[in-house]
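In what follows, a structure is listed as C-alpha cells, so that the remarks can point back to it.
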Amino acid sequence: MAALVWTRCGTNTLKTFFTQTFLTNTLKTFIAAAKGSRISTTRPFSWATSGRTASLLTSGGAAILVGVPTFSSLVYGSYKKVQRSAVVLALEKDEVLEQADYLYSCAETEKLYQLLQQYKDSDNAEFLWRLARASRDMSVLPEVDADRKKQLMYEAYQYATTSLERDDSCYAAHKWYAICLSDVGEYEGVKVKIGNSYTIREHLERALTLNPKDATSFHILGYWCFVFAELPWYQRKVAAVLFSSPPTSTYQEALQFFLRAEEVEPNFYSKNMLMLGKTYLALKEPHQAQLWLTKARDYPAHTLEDKEVHKEAVDLLKTFR
C-alpha cells in the first residue's frame with residue numbers, strides 16, 4: 001500500500017515538476033517542430049525535424065533523467081504524456097487563432113463567430129477579444145433584426161470585458177473594450193454615453209501605449225476627436241449641464257490621429273480615408289479633401305462598410321463640381 005501511495009504521489013509530483021520546468025520553455029519548440037521549422041540546438045530540446053525525433057538525454061533539462069535511474073522510465077512516461085497533451089493544446093490554440101484571423105480577413109463573419117463560440121468559456125484573452133470583435137461584426141450584418149443586434153452588442157461587450165480582466169497587458173483587449181463600450185452606450189442614454197467617452201479614450205490610449213503600431217486604434221481616436229469637434233452647440237450645452245467639463249476636441253487633433261494611422265499602415269482602411277477627406281473639408285482644405293475622398297471612393301469594396309464608404313465618398317465628391 002505504501003509503495004502504491006508513493007508511486008502515485010511520486011508520479012503526480014514529478015509530472016507537476018516536469019510541466020512547470022519544461023512546458024514554458026519548450027512549447028514554441030514543439031510547435032515549430034511540428035510545422036517543420038528548423039530549430040537551433042541551443043534550445044532546451046534539440047529536434048531533428050527531418051526525422052521528427054528528439055534528443056532528450058543530451059540536453060541540460062533532461063539530464064535529471066539520467067541522475068534518477070530508479071524512476072527514469074516512470075517519469076519519462078509521465079513526462080511524455082504531459083508533453084503530448086501540452087503540444088496538442090498549444091497547436092490547437094495556435095491553429096484556431098490563425099484560422100480565426102484568416103476568416104476575419106475574408107469577411108467570413110458568421111463562420112468566424114461560429115468557430116470562436118466554441119471558446120466562449122476560455123480564459124485566454126486572445127480568444128475573447130476576437131470573439132468580442134466577431135459578435136460585434138455579427139450585430140451590424142444587414143439581416144440582423146434590432147433585438148438580435150442589441151443582444152450581440154452586449155454579448156460583445158461582455159467578451160471584451162472578460163478579455164480585459166484576463167489580460168490587462170493585451171492591447172487588443174483594451175481596443176475592443178473601448179469599441180464595445182461605445183456600442184452599448186447607444187442603448188444607455190445620453191448621460192451614460194458621454195460619461196463613457198472618457199473611459200473609451202483612456203483605453204484607446206492604453207492600447208497605443210502597449211502597441212504604438214496599431215493603426216486602427218489611431219483611427220478610432222481620430223474618430224473620437226472628430227465626433228466631439230463637430231458636436232452641435234445645443235448638444236454641447238446638454239453635455240455641459242450633465243458634466244462640469246464635457247469631452248472636447250478639435251478637427252486638427254482628429255486629423256493628426258487619422259494621418260498617424262496612415263503613417264503606421266498606409267491604405268489599411270477605407271473609413272480612415274473617408275474621415276481624412278471629411279476632416280480636411282471641415283478644415284476648409286478642399287484639395288486635400290478631394291484627394292482622400294477619391295482614395296476612399298476607389299478603395300476595393302470587400303465589406304458592407306466599404307460599400308457604404310464608397311457611396312458617401314461619391315456623394316461628397318459631387319460637391320466639388
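Residue numbers count from 1 along this sequence.
In this structure, Leu274 and Trp292 have side chains that are not in contact, with every pair of non-hydrogen atoms separated by 4.5 Å or more. For the pair Asp168/His174, a side-chain contact is recorded, criterion being any heavy-atom separation below 4.5 Å from C-beta on. Side-chain contact between Leu131 and Tyr159 is present, with at least one heavy-atom pair separated by less than 4.5 Å. At a threshold of 4.5 Å between non-hydrogen side-chain atoms, the residues Arg201 and Cys225 count as touching. Proximity of Glu265 to Lys213: side-chain heavy atoms (C-beta onward) are nowhere separated by under 4.5 Å. Under the 4.5 Å side-chain criterion, counting only non-hydrogen atoms from C-beta, Leu281 is in contact with Phe320. Under the 4.5 Å side-chain criterion, counting only non-hydrogen atoms from C-beta, Ser270 is not in contact with His310. Residues Lys307 and Lys311 are not in side-chain contact: their nearest non-hydrogen atoms beyond the backbone lie 4.5 Å or more apart.
Panel note: side chain Trp224, backbone Ser197; a donor-acceptor pair is recorded below 3.5 Å. No donor-acceptor pair closer than 3.5 Å links the side chain of Ser163 to the backbone N or O of Leu128. A donor-acceptor pair is defined here as one N or O able to donate and one able to accept, closer than 3.5 Å; such a pair exists between the side chain of Asn272 and the backbone of Phe258. For the pair Gln290 (side chain) and Leu317 (backbone), a donor-acceptor distance under 3.5 Å is absent. Between the side chain of Thr161 and the backbone N or O of Tyr157 there is at least one donor-acceptor pair closer than 3.5 Å. Between the side chain of Arg236 and the backbone N or O of Phe228 there is at least one donor-acceptor pair closer than 3.5 Å.
To the nearest 0.5 Å, the span separating CD1 on Ile179 from NZ on Lys175 amounts to 6.0 Å. Note that the CZ atom of Arg136 and the CE atom of Met138 stand 14.0 Å from one another [nearest 0.5 Å].
Under the salt bridge (Lys or Arg N to Asp or Glu O under 4.0 Å) criterion, Lys278 pairs with Glu312, sequence neighbours left out. For Glu202, there are no salt bridge (Lys or Arg N to Asp or Glu O under 4.0 Å) partners at least two apart in sequence or on another chain.
A salt bridge does not link Asp306 with Lys271: none of the charged nitrogens is closer than 4.0 Å to a carboxylate oxygen. In summary, Asp214 and Arg206 do not engage in a salt bridge, as defined by a charged side-chain N under 4.0 Å from a carboxylate O. In this structure, Arg133 does not pair ionically with Asp137, as no charged nitrogen and carboxylate oxygen lie closer than 4.0 Å.
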Criterion side chain to side chain donor-acceptor pair (under 3.5 Å) on Asn124 and Ser122, from CA distance to verdict: CA-CA 5 Å; Asn124 191 305; Ser122 172; 5.3 Å; no
I would like to know whether Glu263 and Arg260 meet salt bridge (Lys or Arg N to Asp or Glu O under 4.0 Å); could you show each step before the answer? CA-CA 5 Å; Glu263 181 183 334; Arg260 186 77 178 96; 3.4 Å; yes
Before giving the answer on ring-ring contact (aromatic ring centres under 6.0 Å, His included), spell out for Tyr251 and Phe226 the whole-Å C-alpha distance, their side-chain angles and the decisive distance to 0.1 Å. CA-CA 6 Å; Tyr251 289 118; Phe226 186 92; 5.4 Å; yes
Start with the C-alpha gap between Tyr269 and His219, add the side-chain angles, then the distance that decides, and say whether ring-ring contact (aromatic ring centres under 6.0 Å, His included) holds. CA-CA 9 Å; Tyr269 186 31; His219 166 78; 4.9 Å; yes
Side chain to side chain donor-acceptor pair (under 3.5 Å), that's the test. Do Glu92 and Tyr119 meet it? Break it down for me. CA-CA 12 Å; Glu92 181 185 4; Tyr119 302 89; 3.2 Å; yes
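Between Leu152 and Ser135, the closest heavy-atom pair is CB-O, 3.7 Å. Residue Val140 comes nearest to Met153 through the heavy atom pair CG1-CE, 4.4 Å, listed as atom of the first residue, atom of the second, then distance. Summarising the geometry of Thr303 relative to Ala107, their closest heavy-atom pair is CG2-CB, 4.1 Å, with the distance given to 0.1 Å. Closest non-hydrogen pair, Asp167 versus Ser169, comes out as OD1-OG, 2.5 Å. Here the shortest heavy-atom pairing between Pro142 and Leu304 reads CD-CD2, 3.7 Å.
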Show me the side-chain donor-acceptor pairs of residues 186-194 shorter than 3.5 Å, one per line, residues at least two apart or across chains.
unit_1	atom_1	unit_2	atom_2	d
Glu186	OE1	Lys193	NZ	3.4
Glu186	OE2	Lys193	NZ	2.8
Glu188	OE2	Tyr154	OH	2.4

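Each of Phe218 and Tyr223 belongs to its own hydrophobic cluster when Ile, Leu, Val, Met, Phe, Trp and Tyr are linked at side-chain heavy-atom distances under 4.5 angstrom. Under a hydrophobic clustering in which Ile, Leu, Val, Met, Phe, Trp and Tyr are joined whenever their side-chain heavy atoms come within less than 4.5 Å, directly or via other members, Leu276 and Leu283 fall into the same cluster.
For the pairing with His203, the ring pair (Phe, Tyr, Trp, His ring centres under 6.0 Å) check across Trp129, Tyr177, Tyr171, Trp176 returns one residue only, Tyr177.
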